*Asks:* 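Provided herewith is a single structure, encoded as structure tokens, for subsequent inquiry.
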Amino acid sequence: MIKCIAIDDEPLALAQIAGYISNVPFLHQVGACQDAFEAMQLIASEDVDLIFVDINMPDLNGLDFVRSLVSSPLVVFTTAYSEYAVEGFKLDAVDYLLKPFSFQDLLKSVDKARKQLEYRSGGGAADNDSNVINPDGTLFVKSDYKIIRINVNQIKYIECMSEYVRIYLEGEDKPVMTLLSMRKLEERLPASMFMRVHRSYIVNLHKIQEISRLRIIFEGNVYIPVGDNYKEKFNDYINKMCLGK
């Protein structure tokens, strides 16, 4: 989870960005501040990964506030004045959002911050908040400009479509499509439940209804082929689980 704060002296602007943050599942807002001094106190008492800060604020503006920090979190500047952009990027800001900005604009900035945090940690905590199994057995994926929570137990099978994957769920007519590699998804899913059976398919072993001539059959007469390169591993699993001769 990425811990963040929002700083803006305008109550409506602060409420808007706080609302945007609340709709991003892997962001946790630890505070919303109306001036830089309040934010300083919060940063001194809380671990903060990312700050969204308005530039044009009274007493201490956003630029001077960031300069004053000894160990600065990642920064996204928010302002109605484009002339501050160059100065903002001189402070190594992740992004610069020009008001009024949309939820999609904020998501792009958050994704940049997430990637920077991932790089800093060598693929650690930040990456684990996106497309990774959570303790409650759920998975967050990006799909059509939305972030969707998926219950891993509901996944029937996953199909590769070039750079995208389709995740087929119980009780849903349409699959969830997301930009993600099969290799990365295979690494994240629990091996006790999921198995790669074809270069284009990962199946939930607990959802298999029938197996016939190296074809896996799911409810609804869905047939998944078992590829030659995956046949031995799949057969070993079936033989261990199968009763009788």
Side-chain angles (χ1 to χ4, degrees), residues 1-131 140 142-148 179:
M1 191 70 71
I2 299 175
K3 294 183 178 180
C4 66
I5 61 172
I7 312 163
D8 201 306
D9 64 309
E10 298 178 7
L12 289 177
L14 187 61
Q16 182 187 54
I17 194 169
Y20 286 166
I21 290 170
S22 68
N23 286 320
V24 182
F26 55 85
L27 285 184
H28 172 59
Q29 183 173 279
V30 296
C33 308
Q34 287 192 267
D35 61 62
F37 301 105
E38 183 184 355
M40 284 180 176
Q41 293 179 349
L42 186 60
I43 290 174
S45 61
E46 293 276 357
D47 292 327
V48 176
D49 304 306
L50 174 65
I51 58 176
F52 298 90
V53 57
D54 184 32
I55 290 179
N56 193 26
M57 295 189 296
D59 299 324
L60 184 64
N61 68 43
L63 294 170
D64 290 337
F65 163 69
V66 172
R67 290 190 188 103
S68 73
L69 297 175
V70 177
S71 179
S72 176
L74 296 181
V75 177
V76 173
F77 284 113
T78 63
T79 183
Y81 302 96
S82 59
E83 61 265 27
Y84 291 119
V86 173
E87 199 65 29
F89 283 118
K90 283 182 180 178
L91 293 172
D92 295 325
V94 171
D95 210 349
Y96 184 98
L97 292 174
L98 189 62
K99 297 177 181 178
F101 53 87
S102 67
F103 178 59
Q104 283 72 26
D105 293 329
L106 180 132
L107 270 182
K108 290 177 183 177
S109 297
V110 170
D111 195 49
K112 291 178 183 178
R114 182 185 62 80
K115 288 176 180 176
Q116 286 198 29
L117 287 169
E118 175 185 349
Y119 178 78
R120 286 183 179 183
S121 62
D127 184 58
N128 287 339
D129 287 315
S130 180
N131 297 324
F140 288 116
K142 298 177 183 178
S143 179
D144 293 333
Y145 302 104
K146 297 180 291 186
I147 297 177
I148 300 173
L179 179 62

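Heavy-atom basis, side chains included; hydrogens, waters and symmetry copies ignored. Please read these numbers as outputs of a predicted model, since none were measured by experiment.
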*Asks:* Look up atom CG in Leu117 and atom CZ in Phe26, then write down how far apart they are to the nearest 0.5 Å.
*Replies:*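 Rounded to the nearest 0.5 Å, the CG-CZ separation comes to 10.5 Å.
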
*Asks:* Write down the atom of Cys4, the atom of Ile21, and the distance for their closest heavy-atom approach.
*Replies:*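 In this case the closest contact between Cys4 and Ile21 is SG-CG2, 3.7 Å.
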
*Asks:* Please give me the minimum heavy-atom distance between Phe101 and Tyr20, naming the atom from each residue.
*Replies:*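 Answer, listing the atom of Phe101 first, then Tyr20: O-OH, 3.3 Å.
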
*Asks:* Is the shortest heavy-atom distance from the side chain of Phe52 to the side chain of Val110 under 4.5 Å?
*Replies:*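 Yes. Closest side-chain heavy atoms under 4.5 Å.
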
*Asks:* Taking it one step at a time, do Asp8 and Ile17 satisfy side chain to side chain contact (heavy atoms under 4.5 Å, CB included)?
*Replies:* CA-CA 9 Å; Asp8 201 306; Ile17 194 169; 5.7 Å; no

*Asks:* Locate the shortest heavy-atom distance separating Leu42 from Gly31; write the atom from each residue and the value.
*Replies:*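 Closest pair (atom of Leu42, atom of Gly31, distance): CD2-CA, 3.6 Å.
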
*Asks:* Does a side-chain heavy-atom distance below 4.5 Å link Tyr96 with Ile55?
*Replies:*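 A side-chain contact under 4.5 Å exists here.
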
*Asks:* Please find the pair of heavy atoms, one from Asn23 and one from Pro25, that lie closest to each other, and give the distance.
*Replies:*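 In terms of heavy atoms, the two residues are closest at O-CD, 3.5 Å.
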
*Asks:* Closest approach of Leu97 and Leu106, non-hydrogen atoms and distance?
*Replies:*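 Minimum heavy-atom separation between Leu97 and Leu106: CD1-CA, 4.2 Å.
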
*Asks:* Where is the tightest heavy-atom contact between Ala113 and Val94, given as atom of each residue plus distance?
*Replies:*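 Nearest heavy atoms, Ala113 then Val94: N-CG1, 3.6 Å.
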
*Asks:* Between Lys99 and Asn56, does the side chain to side chain contact (heavy atoms under 4.5 Å, CB included) criterion hold? Intermediate values first, please.
*Replies:* CA-CA 12 Å; Lys99 297 177 181 178; Asn56 193 26; over 6 Å; no

*Asks:* Can you tell me how far CD1 of Ile51 sits from CD1 of Ile7, rounded to the nearest 0.5 angstrom?
*Replies:*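 Answer for the CD1-CD1 pair, Ile7 versus Ile51, is 5.0 Å.
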
*Asks:* Given the rule in the side chain to side chain contact (heavy atoms under 4.5 Å, CB included) test, do Asp59 and Asp35 qualify, once you have shown the distances and angles that lead to the verdict?
*Replies:* CA-CA 8 Å; Asp59 299 324; Asp35 61 62; over 6 Å; no

*Asks:* Return the OG1 to CG distance between Thr78 and Leu14, rounded to the nearest 0.5 Å.
*Replies:*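 Here the rounded value is 9.5 Å.
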
*Asks:* Nearest 0.5 Å, what's the CG-CG distance between Leu74 and Asp95?
*Replies:*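 If we round to the nearest 0.5 Å, Leu74:CG and Asp95:CG are 11.5 Å apart.
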
*Asks:* Got a second to check how far Glu38's CD is from Asp9's CG, nearest 0.5 Å?
*Replies:*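 Result: 12.0 Å between the selected atoms.
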
*Asks:* For the CD atom of Gln116 and the CG atom of Leu50, what is their distance to the nearest 0.5 Å?
*Replies:*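 One gets 9.5 Å once the value is rounded to the nearest 0.5 Å.
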
*Asks:* Side chains of Gln29 and Ser22: closer than 4.5 Å at any heavy-atom pair?
*Replies:*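 No, every pair of side-chain atoms sits at 4.5 Å or beyond.
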
*Asks:* Give the C-alpha distance, both sets of side-chain angles, the deciding distance and a yes or no for side chain to side chain contact (heavy atoms under 4.5 Å, CB included) between Ile43 and Phe65.
*Replies:* CA-CA 12 Å; Ile43 290 174; Phe65 163 69; 3.9 Å; yes

*Asks:* Between Lys108 and Asp111, does any NZ, NE, NH1 or NH2 come within less than 4.0 Å of an OD or OE carboxylate oxygen?
*Replies:*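 So Asp111 does not pair with Lys108 through a salt bridge.
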
*Asks:* Side chains of Ser68 and Met40: closer than 4.5 Å at any heavy-atom pair?
*Replies:*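 Ser68 reaches Met40 side chain to side chain.
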
